[in-house]
Amino acid sequence: MTTGRSNTTQAARVISVLADVLAAIIVLWILMYLLGANRGNGLVEFVQDAARWLAGWSHDLFTFDEAWARVVAGYGLAAVVYLVIGHMVAGRLLRPH
């Protein structure tokens with residue numbers, strides 16, 4: 001039988017992994033963009049669409065002159081926010097009450 005504590009630990013683990021996956025998708029798109037990946041490729045399109053949806057709130061938040069700087073700053077901010085919030089929530093769940 002699982003205890004409440006192990007359920008909390010599992011929930012914290014799921015939240016951490018989810019935050020890592022979301023951030024990884026965004027970082028993967030940043031790398032694909034910077035390396036000039038073929039946007040006609042299905043995988044590149046999928047990653048771009050997923051990253052655009054995940055970072056919709058921070059996309060084009062910054063108005064740098066260079067497009068690469070806007071992508072890195074806007075999408076990078078979203079990746080950092082997912083990591084920080086996800087791991088903070090997971091850490092909070094793991095604290096003894």
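All values reported here derive from a predicted model rather than from experimental measurement.
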Looking at every heavy atom in both [X] and [Y], which two are closest together, and how far apart are they?
X     : Y     : value
Ala37 : Val44 : CB-CG2, 3.8 Å
Trp57 : Ala78 : CZ2-CA, 3.5 Å
Ala50 : Ile25 : CB-CG2, 3.8 Å
Leu83 : Ala23 : CG-CB, 3.5 Å
Glu45 : Gly40 : OE2-O, 3.5 Å
Gly76 : Ile30 : N-CD1, 3.6 Å

Check whether any side-chain N or O of Tyr82 sits under 3.5 Å from a backbone N or O of Leu54 as a donor-acceptor pair, and report yes or no.
yes

Does Phe62 offer a backbone N or O that forms a donor-acceptor pair with the side chain of Arg70 under 3.5 Å?
no

Please write out which residues are connected to Met88 in a hydrophobic cluster, directly or through intermediates, given that two of Ile, Leu, Val, Met, Phe, Trp, Tyr count as joined at side-chain heavy-atom separations below 4.5 angstrom.
Val80, Val84

Quick one: pull up CZ in Phe46 and CG in Asn41 and give me the separation to the nearest 0.5 Å.
12.5 Å

Once you round to the nearest 0.5 Å, how far does CG of Leu94 lie from OG of Ser16?
7.0 Å

Cluster question for you: counting only ILVMFWY and a side-chain heavy-atom cut-off of under 4.5 Å, with indirect links fine, are Leu43 and Leu34 together?
yes

Test side-chain contact (heavy atoms from CB on, under 4.5 Å) applied to His87 and Asp20, step by step
CA-CA 9 Å; His87 286 269; Asp20 293 345; 2.7 Å; yes

Carefully, step by step, assess Tyr33 and Arg39 under the rule side-chain contact (heavy atoms from CB on, under 4.5 Å).
CA-CA 9 Å; Tyr33 179 86; Arg39 294 192 191 177; 2.7 Å; yes

Only one of Leu77, Val71, Val72 passes side chain to side chain contact (heavy atoms under 4.5 Å, CB included) with Tyr75; say which it is.
Val71

